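Let me begin by presenting the structure, written as structure tokens, before commenting on it.
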Amino acid sequence: MTDLNDQWFARAKDVIPGGVNSPVRAYGSVGGTPRFVQSASGPRITDAAGREYVDLVASWGPALLGHARPEVVDAVREAASRGLSFGAPTGAEVELADLIAHRVQVGDLKPVEKVRLVSTGTEATMTAIRLARGVTGRDLLIKFAGHYHGHSDGLLAAAGSGVATLALPGSAGVPAPIAAQTLVLPYNDLDAVREAFAVHGENIAAIIVEAASANMGVVPPLPGFNAAIADIAHSHGAMLIMDEVLTGFRVHPAGFWGLQASQGETYLPDILTFGKVVGGGMPLAALGGRAEVMDHLAPLGPVYQAGTLSGNPLSVAAGLATLRLATPEVYAAVDASASRIADALDAALTAEGVVHAVPRAGSLFGVAFLPEVPRDYATALTQQSYRYAPFFHAMLDAGVSLPPSVFEAWFLTAAHDDAALEQVLDALPGAAKAAAEALDPTLLAQ
């Protein structure tokens with residue numbers, strides 16, 4: 001007998017490619033039917049069949065305060081009562097840009113002086129790359145294998161045969177000449193970065209890097225890595241684009257850059273991109289940097305960017321309300337909850353004898369079925385990922401919604417109270433047992 005989730009998925013596949021509007025939602029790596037969410041409140045979501053789950057996806061990060069925080073909903077409702085979209089400047093977007101610039105500061109370090117609001121993280125990173133190329137007059141870009149910066153053509157590049165080899169297309173529909181403008185290097189490998197600059201340095205416009213990797217599982221930068229690539233880029237006249245679409249305002253009031261700066265790792269990115277939390281769950285993203293860089297954007301400069309819905313008043317209202325409520329106490333609560341769950345995850349898998357690591361970057365964490373935290377994409381791919389599907393479904397059956405891929409981060413929110421956390425803790429031992437009992441499909445095929 002099918003439930004409403006099955007019915008919705010069957011209907012969706014008739015009218016939406018794959019039945020989803022973003023691929024990982026299809027449960028392709030864990031199997032089964034995606035849960036069609038009909039509502040969410042605080043730390044919980046409710047699916048189409050009326051089942052409730054403690055949510056550790058948090059809309060892939062934006063729900064820092066929890067779902068449907070009343071003050072945020074009220075701000076959006078009030079904004080909507082004044083009109084949904086104007087295609088004109090508003091005072092609220094000035095307030096949000098100012099708030100972003102003032103939050104991204106640690107001591108005297110202030111990498112963001114001006115901000116441009118856009119609608120999506122893909123749009124923010126795409127614009128940041130165009131801006132870096134426009135400022136430097138160079139074409140090549142360095143990115144790292146396993147890092148995701150949106151789905152614009154130049155960023156869907158797959159690694160070539162060597163660290164100084166221009167990339168090949170990583171998706172159908174990406175022309176080879178566009179992919180060839182990107183160098184894809186192994187993450188956390190400074191020698192590879194130095195070699196790429198030795199070969200192509202005068203043509204490299206920028207390095208783009210996730211502030212902390214969270215799209216190949218959580219893979220934190222090695223100590224000093226982000227500062228070192230900033231130094232290498234700047235010594236060759238190139239720029240550093242710090243992608244904080246996921247980590248920005250999620251792990252610290254000033255993002256992962258701010259977390260590192262507050263711990264003594266000081267460096268200055270040239271452009272930072274933000275998304276997710278900055279819009280409070282509404283479609284909004286941003287890029288920011290020094291005034292001398294940002295002023296290359298039209299209408300002041302020759303680098304063109306535009307968007308009818310950029311600075312949409314509803315999204316801006318949600319972003320303002322969320323950032324104003326994201327106090328140090330909120331970050332302390334999320335950090336504490338993340339530590340509690342991450343430690344319990346480690347203990348549960350250890351008790352079942354499952355080879356694993358629990359990588360962390362601030363309050364972000366996840367599981368890797370490897371003996372130690374991976375340092376790059378190639379290593380992350382060697383894990384016993386077949387263990388995740390039974391682990392995932394055991395948690396789902398116990399009323400806990402995890403990301404439907406082992407290569408995604410888990411997210412806690414300020415709304416995860418003791419009751420929600422206890423439900424997660426109670427579910428972990430059974431899920432760990434399911435992971436331990438998982439059979440390697442390559443052995444079954446022999």
Side-chain angles (χ1 to χ4, degrees), residues 1-10 12 19-70 72-73 214 217-218 250 276-277 280-281 333-334 336-338 340-342 344-345 348-349 358 363-367 387-435:
M1 180 177 177
T2 61
D3 69 16
L4 285 175
N5 291 293
D6 298 303
Q7 294 174 32
W8 275 116
F9 195 38
V20 294
N21 285 306
S22 192
V24 74
R25 301 176 190 175
Y27 278 30
S29 69
V30 294
T33 300
R35 299 307 186 258
F36 280 65
V37 177
Q38 66 175 5
S39 65
S41 179
R44 300 177 186 275
I45 59 172
T46 302
D47 73 8
R51 290 187 293 265
E52 190 177 79
Y53 306 86
V54 176
D55 183 29
L56 297 186
V57 179
S59 191
W60 303 100
L64 175 66
L65 305 173
H67 292 290
R69 176 73 175 246
V72 178
V73 173
V218 176
R250 209 333 136 168
K276 301 186 184 290
V277 172
V334 173
S337 295
R340 186 175 174 187
I341 299 301
L345 170 63
L349 290 169
V358 180
S363 60
L364 301 182
F365 67 96
V367 61
R387 297 192 185 279
Y388 188 71
F391 180 91
F392 169 88
H393 281 287
M395 294 293 285
L396 198 65
D397 290 344
V400 179
S401 175
L402 297 179
S405 168
V406 73
F407 297 109
E408 300 287 353
W410 299 18
F411 297 94
L412 275 296
T413 80
H416 279 77
D417 54 15
D418 282 341
L421 295 176
E422 287 294 337
Q423 187 170 341
V424 178
L425 296 175
D426 289 345
L428 285 171
K433 182 176 177 61

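The shown structure was predicted, so the numbers you read here are calculated from the model rather than taken from an experiment.
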Decide yes or no for [X] and [Y]: does some side-chain heavy atom of the first lie under 4.5 Å from some side-chain heavy atom of the second?
| X | Y | value |
| --- | --- | --- |
| Trp8 | Pro34 | no |
| Ser39 | Ile45 | no |
| Ser337 | Leu421 | yes |
| Arg340 | Asp418 | yes |
| Asp47 | Val37 | no |
| Leu64 | Thr413 | no |
| Arg51 | Asp3 | yes |
| Val57 | Leu402 | no |

Would you kindly say whether Thr33 and Asn5 are connected by a side-chain donor-acceptor distance under 3.5 Å?
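No, no side-chain donor-acceptor pair sits under 3.5 Å.
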
With no hydrogens and no angle check, just 3.5 Å: does a side-chain donor-acceptor pair link Arg44 and Tyr53?
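No, no side-chain donor-acceptor contact under 3.5 Å.
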
Output the distance between atom CZ (Arg250) and atom OG (Ser363), rounded to the nearest 0.5 Å.
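OG of Ser363 is found 5.5 Å from CZ of Arg250.
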
Could you measure the distance from the OH atom of Tyr388 to the CE atom of Met395? Nearest 0.5 Å is fine.
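Reported value, rounded in 0.5 Å steps: 8.5 Å.
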
Taking all atoms of both residues into account, what is the closest heavy-atom pair of [X] and [Y], and its distance?
| X | Y | answer |
| --- | --- | --- |
| Gly61 | Val277 | O-CG2, 3.5 Å |
| His393 | Val30 | NE2-O, 3.0 Å |
| Gly280 | Val72 | O-CG1, 4.4 Å |
| Val334 | Leu412 | CG1-O, 3.8 Å |
| Ala394 | Ala431 | CB-CA, 3.6 Å |
| Val24 | Pro404 | O-CG, 3.5 Å |

Given Leu428, Leu425, Val424, the one that forms side chain to side chain contact (heavy atoms under 4.5 Å, CB included) with Leu345
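Of Leu428, Leu425, Val424, side chain to side chain contact (heavy atoms under 4.5 Å, CB included) with Leu345 is met by Leu428 alone.
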
Any chance the rings of Tyr27 and Phe9 have centres within less than 6.0 Å?
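No: the rings miss the under 6.0 Å criterion.
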
Only pairs at least two apart or in different chains count here, so list each ring pair (Phe, Tyr, Trp, His ring centres under 6.0 Å) that has a residue in residues 405-431.
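Residue pairs with at least one partner in residues 405-431: Phe365-Trp410.
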
